[in-house]
Each structure stands twice: as structure tokens, then as C-alpha cells.
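Here's the structure we're looking at; comments come further down.
Since this is a predicted model, take the numbers as computed values, not measurements. We use all heavy atoms of the structure for the numbers below, so side chains are in, but hydrogens, waters and symmetry mates are not.
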Amino acid sequence: MPRAIVLLLAMASCSSVQAGELDGHYRATLDGQPSELILRQNDAVVEGEYVEGQHLRLVVKGRYDGKLLRAEISDPQSGLLLANMNATYANAMLNASIAARNPRNGEILERQALFQREAAIATPPTSGTLDPTLVGTWVHEKIINSGGASFASFNTLMTLQLNSDGSVTQWSRSVGGGGDWSYDSPGEVQYSGHWRSQSGMLMVRLAGAADYQPAAYYRFSDQYLVTESNTGKMIWQRRR
């Protein structure tokens, strides 16, 4: 079974979806293989192809509701369904969860992949540099307060460490408390690996992975670092 024999698109229909929002070529690396997703959108209907290497070309059909893309990937000759995919779209990226059935033993193979629109890629992901303005420790804080007689506060602190040697670690810690209770979690590492910067994109190669993948677009606003990805926008402040 081909490694990345997966991909599928949208479900949930919505008449207000603008045609062409997903149009384009998207690229990612799955199991070490360069993969491409070519999409054409007409209202909520999405069609296209999944291409891997020089030999694998599959049909993609699905629907998109403006947030979630659900699709099926099938063999163009037999029409046999090979894989399903759910993907969220934001900032020219598809964050995809792909499930394919192994025809030999029926085992379900699941993969996570971040497909980036080709127009946003200037050079191969591995050719990036280390932007010196990113080096350092950055923190993002989210505070939730409850009103009323029983006041309580919950604080989540995320720390992003971008080192000059190309290593990266991100971890989080949560604390909270109220009138008669308190909570303090130990710091938890979310991921570690290596980082590169490329044309305003932060690229990350996770520990044990072979390739760099797009993590987020970044820019600076005064003394703050602003990142935007398919999970939303975050504002970071330099700690040191």
C-alpha cells in the first residue's frame, strides 16, 4: 500500500462558502515522501487530486463548510475508496487527519499532516535560516477570570524557547485559584526539536522527524512576536 495513500476533503455543506477559497496546490511530506494536494472548490463542493511522487495520482472529492474539510480519496480507475481525511483550513494551510485502510490486513493507518499552499513556499523547507530576531525565550499568557461572589482566576502560561543553535522547546504551565482552592500544574513539554525561519514562516522539525514542517507565520509588532497558524493568532512577549 503506498505510504501516503490518503487524503480527503470537505463535508458539511454551507451555501455561503465562497467559491475558490481552497483552490490551489498544497504540499507536505508524509513518511518521507513529498506529497501534493491539488484542490478546486465550487461553493461547498471540493474536487481534486492527491499526487505522490511520479506514479501515484488519486481522486479527491468532498465538501467544505468554511471551517472543516472532509473528503474521500479513491482510485481513479476502480473507484475504490482508499482513504478519508478531515482537515481544518487557515492561513493557507490544511491541518489534516488522514485515515487509510491497508487492503492486505484491513488495518487502519492514521496520519497527521500539515499541507501548505504552494504559493506561500518560496524554497524547500530545509533551506531556511535562523532569524536572529527570533532567538530567545517568548511567553504567551492567557488569563480567565470569573465574576460574581465566587471569584476565581485561571492562568495558562506557554513558553517558547528558540535557541541560537537551532533547537526549540515549547512547554506550558497552568495555575489557578479561588476563595478556597488553588491549582498549580508542573510545567509540561509540548514539543521539542529544531527550528528554521523562511520568508516569514517558522519551520519546525520535531524530535525524531525527518523533515521541517510549517508551524506558523510570524511578524513583530513593537516588542511583541505575533504568530498565526491554523490554530489562530498568538501574541508573545520576550522574557529575556
Side-chain angles (χ1 to χ4, degrees), residues 1-121 124-126 201 203-206 208-215 229-231:
M1 175 181 175
R3 288 181 180 146
I5 217 175
V6 294
L7 267 168
L8 94 156
L9 306 172
M11 179 158 200
S13 64
C14 177
S15 59
S16 62
V17 175
Q18 295 182 353
E21 182 180 0
L22 296 185
D23 287 358
H25 292 211
Y26 299 79
R27 291 191 292 172
T29 301
L30 295 178
D31 294 341
Q33 296 294 318
S35 305
E36 184 177 8
L37 184 61
I38 305 170
L39 301 181
R40 299 177 296 276
Q41 180 185 346
N42 184 6
D43 290 328
V45 177
V46 182
E47 297 181 334
E49 296 176 296
Y50 171 73
V51 181
E52 184 178 308
Q54 299 295 321
H55 306 289
L56 182 64
R57 187 176 291 267
L58 305 175
V59 174
V60 176
K61 292 184 178 181
R63 297 183 69 84
Y64 176 58
D65 67 356
K67 295 182 179 179
L68 179 64
L69 172 66
R70 295 181 180 174
E72 295 181 344
I73 300 182
S74 58
D75 181 85
Q77 296 181 344
S78 65
L80 178 66
L81 176 63
L82 300 176
N84 293 326
M85 180 184 75
N86 292 333
T88 55
Y89 174 79
N91 298 320
M93 291 181 284
L94 284 169
N95 187 10
S97 175
I98 300 165
R101 183 181 297 275
N102 190 323
R104 298 178 180 175
N105 54 23
E107 179 184 1
I108 300 296
L109 305 176
E110 295 187 3
R111 295 180 177 87
Q112 300 291 326
L114 186 62
F115 285 84
Q116 184 182 5
R117 196 192 301 270
E118 189 174 40
I121 303 176
T126 56
M201 173 71 73
M203 315 290 293
V204 173
R205 176 167 60 87
L206 299 180
D211 303 291
Y212 286 88
Q213 297 290 341
S229 69
N230 59 332
T231 59

State, yes or no, whether a side-chain contact exists between [X] and [Y] at a heavy-atom distance under 4.5 Å.
X: Glu72; Y: Lys61; result: no
X: Tyr26; Y: Leu39; result: yes
X: Met201; Y: Tyr212; result: no
X: Arg27; Y: Ser35; result: no

(request) Using modelled atom types only, decide if a donor and an acceptor are shared between the side chain of Asp65 and the backbone of Leu68 within a distance under 3.5 Å. (result) yes
(request) Mark yes or no for whether Gln41, through its side chain, and Asp43, through its backbone, hold a donor-acceptor pair below 3.5 Å. (result) yes
(request) Apply side chain to side chain donor-acceptor pair (under 3.5 Å) to Arg57 and list each qualifying residue two or more places apart in sequence or on a separate chain. (result) Glu49
(message) Checking Gln112 now: which residues fulfil side chain to side chain donor-acceptor pair (under 3.5 Å) with it, not counting sequence neighbours?
(response) Ser97
Could you measure the distance from the [atom1] atom of [X] to the [atom2] atom of [Y]? Nearest 0.5 Å is fine.
X: Thr88; Y: Leu94; atom1: OG1; atom2: CG; value: 7.5 Å
X: Arg205; Y: Gln213; atom1: CZ; atom2: CD; value: 11.5 Å
X: Tyr64; Y: Glu21; atom1: OH; atom2: CD; value: 4.0 Å
X: Phe115; Y: Met93; atom1: CZ; atom2: CE; value: 13.5 Å
X: Asp23; Y: Arg117; atom1: CG; atom2: CZ; value: 7.5 Å
X: Leu22; Y: Ile38; atom1: CG; atom2: CD1; value: 14.0 Å

Tell me the closest heavy-atom pair linking [X] and [Y], and the distance in Å.
X: Ala99; Y: Glu110; result: CB-CG, 4.2 Å
X: Leu58; Y: Ser74; result: CB-O, 3.6 Å
X: Ser229; Y: Ala215; result: CB-O, 3.4 Å

